[in-house]
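Everything below concerns the one structure shown next.
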Amino acid sequence: MYVKRNNVVIPFLKILAELVDRKVNVRLIHAKEPGPNFKKDFDKYPTLIKGLERVLCPRVHFKLIIFDLHTVYIGSANLTGAGLGMKSKDNRNFESGILTNNPEIVAKAIEQYDNVWMGKYCASCNRKIFCGDRIDMV
């Protein structure tokens, strides 16, 4: 997937690699194993191998991007070119979302993300066979 920065199209993973290089904590929850294009781009940024935290949770359908724990995007867009509008105007998805720094909304989004990240629902998930990165909370 690619995004625009200063009117130049660059890989999204390049931005994540730059953040990791700056010691920013970056976490991704994937609903399924990413496809070959993601893997091909991922391999171009070795810093992501150790620096990007990723888990797989087949039950995740939410789309949350949390920025510095004080701003959140909550919406329908997947992290794909079509989802983020990088396809042509006739070949992109119709999406909806909000960007907010409302403390109550941000706190609830962080709580939801952290609960999944830390495995709060793993014990009763009933889809463990699909989850290679399962984390059972102690």
Side-chain angles (χ1 to χ4, degrees):
M1 185 193 61
Y2 292 79
V3 295
K4 280 188 182 178
R5 180 169 66 188
N6 299 327
N7 242 7
V8 176
V9 176
I10 61 172
F12 178 65
L13 289 173
K14 177 180 174 126
I15 292 172
L16 295 184
E18 290 170 356
L19 290 169
V20 168
D21 286 339
R22 291 183 8 226
K23 307 296 185 220
V24 174
N25 293 328
V26 180
R27 293 179 172 173
L28 287 178
I29 300 176
H30 298 276
K32 62 181 181 176
E33 194 59 41
N37 290 335
F38 179 95
K39 291 177 185 178
K40 184 179 171 184
D41 274 350
F42 188 85
D43 291 343
K44 294 177 186 176
Y45 304 99
T47 191
L48 294 178
I49 294 169
K50 288 189 177 182
L52 176 66
E53 297 180 76
R54 299 185 321 135
V55 295
L56 184 75
C57 178
R59 305 254 335 254
V60 165
H61 193 65
F62 59 66
K63 283 75 171 179
L64 298 174
I65 303 174
I66 302 165
F67 305 92
D68 296 329
L69 301 178
H70 65 75
T71 302
V72 65
Y73 163 80
I74 304 170
S76 63
N78 289 320
L79 287 177
T80 63
L84 295 181
M86 289 299 295
K87 299 279 184 170
S88 71
K89 68 178 182 72
D90 297 322
N91 195 19
R92 60 181 174 216
N93 296 345
F94 300 116
E95 303 288 356
S96 182
I98 64 165
L99 181 68
T100 183
N101 61 3
N102 176 293
E104 289 180 42
I105 296 172
V106 172
K108 289 293 186 183
I110 291 169
E111 179 181 16
Q112 181 182 25
Y113 193 95
D114 283 350
N115 282 340
V116 173
W117 182 266
M118 293 184 288
K120 180 177 181 177
Y121 308 108
C122 289
S124 60
C125 172
N126 296 321
R127 296 191 48 86
K128 292 179 189 178
I129 62 171
F130 301 105
C131 185
D133 293 331
R134 183 178 73 245
I135 302 169
D136 291 319
M137 284 183 71
V138 180

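In terms of the side chain to side chain donor-acceptor pair (under 3.5 Å) criterion, T100 has no residue partners (sequence neighbours excluded). K40 is linked by a side chain to side chain contact (heavy atoms under 4.5 Å, CB included) to nothing, counting only residues two or more places apart in sequence or in another chain.
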- Task: Using the side-chain contact (heavy atoms from CB on, under 4.5 Å) rule, take Y121 and R59 through it: C-alpha gap first, then chi angles, then the decisive distance, then the call.
- Result: CA-CA 10 Å; Y121 308 108; R59 305 254 335 254; 5.7 Å; no
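Of the inter-residue distances, the one linking H61 atom NE2 with S76 atom OG reads 8.5 Å to the nearest 0.5 angstrom. Here the CG atom belonging to L52 is positioned 13.0 Å from the OH atom belonging to Y45, to the nearest 0.5 angstrom.
Evaluation of the salt bridge (charged side-chain N to carboxylate O under 4.0 Å, His left out) test over residues 102-116, restricted to residues two or more places apart or in two chains, returns K108-E111. Among residues at least two apart or in separate chains, there is no ring-ring contact (aromatic ring centres under 6.0 Å, His included) pair with a member in residues 94-113.
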Considering only distance and modelled atom types, tabulate donor-acceptor pairs under 3.5 Å from the side chains of residues 9-30, sequence neighbours left out.
residue: E18; atom: OE1; partner: R5; partner atom: NH1; Å: 2.6
residue: E18; atom: OE1; partner: R5; partner atom: NH2; Å: 3.3
residue: E18; atom: OE2; partner: R5; partner atom: NH2; Å: 3.2
residue: D21; atom: OD1; partner: T47; partner atom: OG1; Å: 2.8
residue: H30; atom: NE2; partner: R54; partner atom: NH1; Å: 3.1

Tabulate below the donor-acceptor pairs under 3.5 Å that side-chain atoms of residues 64-75 make, not counting sequence neighbours, or state none.
none

